[in-house]
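Worksheet for the structure shown next.
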Amino acid sequence: MAALAYTLGKREINYYFSVRSAKVLALGAVLLLTACHAASRRYRGGDTCEYLLSSGRFLGEKVWQPHSCMMHKYKNSEAKNCLIDKHVVFIGDSRIRQLFYSFIKLINPQVKEEGNKHGNIPFEDKSASIKVDFLWYPEVNGSMRQRIKSWTEGSVAKPHIIVAGAATWSIKIHNGSKEALTQYKINITSIAPLLEKLAKSSDVYWVLQDPVYEDMLSESRKMITNEKIDAYNEAAVRILNSSSRNSKAKVKVFSVSKLIAQETIMKSADGLHLPESSRDTTKVLNREQTDEWKGWMQLVILIYHISGASTFLPVYMHIRVLVAAYLFQTGYGHFSYFWIKGDFGVYRVCQVLFRLNFLVVVLCIVMDRPYQFYYFVPLVTVWFMIIYATLAIWPQIVQKKANGNCLWHFGLLLKLICLLTCIYFLSYSQGAFEKIFSFWPLSKCFELNGNVYEWWFRWKLDRYVVFHGMLFAFIYLALQKHQMISEGKGDPLFSNRVSNVLLFISIVSFLTYSIWASSCKNKTECNELHPSVSVVQILAFILIRNIPGYVRSVYSSFFAWFGKISLELFICQYHIWLAADTKGILVLIPGYPMFNVLVSTFIFVCVAHEISQITNDLAQIVVPKDNSTLLKRLLCIAGFFSGLLFFAAMQDQSRH
């Protein structure tokens, strides 16, 4: 009966609602919404884009999505056309100064942040008759009121656009006192009628205060709390426009920057100002650049494998540098994350380990291969755990702690020296290394053909490069913190003289290493020198790629796409592209070698991309953020693998 009722109901639904009726309904919705938008623009005298000042969501790096329209990214020429013969004024504190510089860089990207930070800063583009001024008024007080009042008088030319805002200095100077908030309310009440008068002929915007990242604030700014900022914002919103009934004459409250800052302020260098990444900057080894780097390196390694070029020693040495560069990025990337975030939770570790090992573990079980067969994954996994342990063990030294006291920098350097000592000791003590990795169950993961020699050899080949990556990250972040490098779009990384000298040294070093690698005759001797000297080639490439501003700001989307699936490409080549444990080439089309390679390569890349997406999706499901749930799953996984290792050990015993 239930089945009959379901069938009859389904027929009834299909009779009244089909694909055809759904399309008619969609067309009706489009026509209705079009009419509503037209009526709104006609009778309300505005459009929904006004909501971009107050509502929306942050989609990621530099992308704000209003709830009412689409943002347009203006080119320099478009910005100039919109602002011809306009006078724009930014008036307020250092946060308004950030907006000022971001604004004028839309007109001229080459502008540098120079001049007196606590003073007025003028800008003029004579070709389009555009004038933009920053006026330093860090407090809402009598001085700011007098300046605004001067624009309301008939003898003074009014700016076409005014962007104003201030509060944090009042909190700081008066140590967050209640009296300061009361005075702020009085001052903004006296300024509000003047701003409303200006709003009748100019566009006037009041910028609400962004939240701060309290853990990163220096001692002199600890009184600037988010609770106090909310109180100042509430006062500004309540007072502005309170006496106005004409919507066209209202001061426009700019509140979306507060929403954007909630997503980005944790990356701030000082806890108060928005991070450089949310402005017009191109960081050293930015994500797009590292993806591109990994992409072309992986493609070169794949070509090396399929062409059988391993017999040529010079080619082998250059490939060794590419593998070292992968590990250098591992040291740089994970050190930067832990140092900046201070996030040593189990969730982060499990996410990375799952992403690295899921495919390899599945293949080990299904294909009956030892973990060490896919040597690069164990290598990256172990180095990741070493980086984590170095920073996580007591004392935990992270950026926000070091910002408060520079002595923590020396503590971190001491940790790195201890790490270097351990690496040096294990590299020259094969016995000690093999004892560590010969204990069960580690031995089951790192043995190949019954011993761990192969693992020791692989580990030893690039033993210093991850340390070099960590040290590079530390030096880079220290220089960035002390504003000794410039990462503005198009700007050289250092001053022109320093940049030219470093570029010359880098090019000479790059060529010198290439000549040495090309003239290498003895593989054993070259392998012995490689761990110490490969960093020369890597650093030379990084400096050549990042010192010139233009080179740093562009990247190849083609290679970056491959870089995002580089791990899957490396692993899948063992079974889809190559054959006979990488000693041969998979033949799908006999008799046509070139056509066979084209077809197998297409299949290989598609499979690798799909596996990458599956792994990312599974990581979100298998590794939950809730600690108690995560702990239960870890115990289940540990029990499962313990059982596998136990049965493997029993099987080995029965064979002997």
Side-chain angles (χ1 to χ4, degrees), residues 298 301-302 304-306 310 319-320 323 326-327 330 349-350 352-386 426-427 430-463 466 527 566-586 604 607-608 611-612 614-615 618 622 634 636-656:
Q298 184 59 63
I301 292 172
L302 291 173
Y304 165 80
H305 283 164
I306 203 167
S310 57
I319 292 297
R320 288 296 335 145
V323 175
Y326 266 97
L327 294 171
T330 298
V349 178
C350 291
V352 174
L353 294 180
F354 183 90
R355 178 77 177 81
L356 286 172
N357 290 275
F358 169 72
L359 178 58
V360 166
V361 169
V362 170
L363 287 172
C364 287
I365 296 171
V366 173
M367 304 296 294
D368 192 23
R369 290 285 186 272
Y371 183 55
Q372 191 54 222
F373 177 75
Y374 308 92
Y375 69 92
F376 187 72
V377 174
L379 201 59
V380 176
T381 301
V382 168
W383 279 117
F384 168 74
M385 293 305 298
I386 289 172
L426 289 175
S427 64
Q430 183 180 349
F433 185 94
E434 290 183 350
K435 281 182 181 179
I436 293 172
F437 289 95
S438 293
F439 287 107
W440 189 90
L442 282 180
S443 59
K444 299 301 299 180
C445 295
F446 296 100
E447 280 184 355
L448 190 66
N449 300 322
N451 59 68
V452 296
Y453 172 79
E454 182 70 17
W455 166 235
W456 179 74
F457 173 75
R458 295 284 187 185
W459 177 87
K460 187 181 176 184
L461 269 180
D462 298 297
R463 57 186 178 273
V466 172
N527 278 341
S566 58
L567 179 68
E568 288 74 19
L569 288 172
F570 182 86
I571 299 168
C572 289
Q573 68 175 317
Y574 286 85
H575 304 288
I576 299 174
W577 210 39
L578 303 176
D581 293 345
T582 72
K583 300 298 189 295
I585 298 172
L586 182 65
F604 163 55
V607 171
I611 290 174
S612 176
I614 292 171
T615 304
L618 283 176
V622 176
L634 287 176
C636 292
I637 291 170
F640 173 74
F641 282 109
S642 296
L644 279 180
L645 292 172
F646 176 76
F647 285 120
M650 294 289 290
Q651 190 177 28
D652 288 344
Q653 251 186 351
S654 63
R655 285 175 183 172
H656 296 300

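Note that the numbering runs from 1 along the sequence shown for the chain.
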For E434, the salt bridge (charged side-chain N to carboxylate O under 4.0 Å, His left out) test, sequence neighbours excluded, returns none
Which pair of non-hydrogen atoms, one from [X] and one from [Y], has the smallest distance, and what is that distance?
X: W577; Y: L302; result: CZ3-O, 3.2 Å
X: S427; Y: K460; result: O-CE, 3.5 Å
X: I611; Y: L359; result: CG2-CD2, 3.8 Å
X: W459; Y: L426; result: CH2-CB, 3.8 Å
X: F446; Y: V452; result: O-CG1, 3.7 Å
X: S443; Y: S438; result: CB-O, 3.5 Å

Apply side-chain hydrogen bond (donor to acceptor under 3.5 Å, both in side chains) to residues Y453 and Q430 and explain how you reach the verdict. CA-CA 8 Å; Y453 172 79; Q430 183 180 349; over 6 Å; no
Go through the structure and list residues passing side chain to side chain donor-acceptor pair (under 3.5 Å) with E447, not counting sequence neighbours.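 E447 satisfies side chain to side chain donor-acceptor pair (under 3.5 Å) with no other residue.
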Side chain to side chain contact (heavy atoms under 4.5 Å, CB included) evaluation trace for L569 with F604: CA-CA 8 Å; L569 288 172; F604 163 55; 3.8 Å; yes
Side-chain contact test, heavy atoms from C-beta onward, threshold under 4.5 Å: evaluate it for I585 versus I306 and give yes or no.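 Contact flag for I585/I306 side chains = yes.
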Could you check if a side-chain atom of R320 sits within less than 4.5 angstrom of a side-chain atom of L461, using non-hydrogen atoms only?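 In short, these two side chains touch, coming nearer than 4.5 Å.
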Would W456 and F437 count as a close aromatic pair, with their ring centres under 6.0 Å?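 No, too far apart.
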Starting from the C-alpha separation in whole Å, work towards a yes-or-no answer on side chain to side chain contact (heavy atoms under 4.5 Å, CB included) for V323 and I301. CA-CA 9 Å; V323 175; I301 292 172; 4.3 Å; yes
What distance do [X] atom [atom1] and [Y] atom [atom2] have between them, rounded to the nearest 0.5 Å?
X: L586; Y: Q573; atom1: CG; atom2: CD; result: 12.5 Å
X: L363; Y: F358; atom1: CG; atom2: CZ; result: 9.5 Å
X: I571; Y: L567; atom1: CD1; atom2: CG; result: 4.0 Å
X: H305; Y: L578; atom1: NE2; atom2: CG; result: 7.5 Å

Using the side chain to side chain contact (heavy atoms under 4.5 Å, CB included) rule, take W455 and C445 through it: C-alpha gap first, then chi angles, then the decisive distance, then the call. CA-CA 10 Å; W455 166 235; C445 295; over 6 Å; no
Tell me if a side-chain donor or acceptor on R355 pairs with a main-chain N or O of V352 at a distance below 3.5 Å. no
Hey, can you pull the donor-acceptor pairs under 3.5 Å for the side chains in residues 369-384, sequence neighbours left out?
from: R369; atom 1: NE; to: D581; atom 2: OD1; distance (Å): 3.4
from: R369; atom 1: NH1; to: M367; atom 2: O; distance (Å): 3.3
from: R369; atom 1: NH2; to: D581; atom 2: OD1; distance (Å): 2.9
from: Y371; atom 1: OH; to: N357; atom 2: OD1; distance (Å): 2.4
from: Y374; atom 1: OH; to: H575; atom 2: NE2; distance (Å): 2.5
from: T381; atom 1: OG1; to: N357; atom 2: OD1; distance (Å): 3.4
from: T381; atom 1: OG1; to: N357; atom 2: ND2; distance (Å): 3.2
from: T381; atom 1: OG1; to: V377; atom 2: O; distance (Å): 2.8

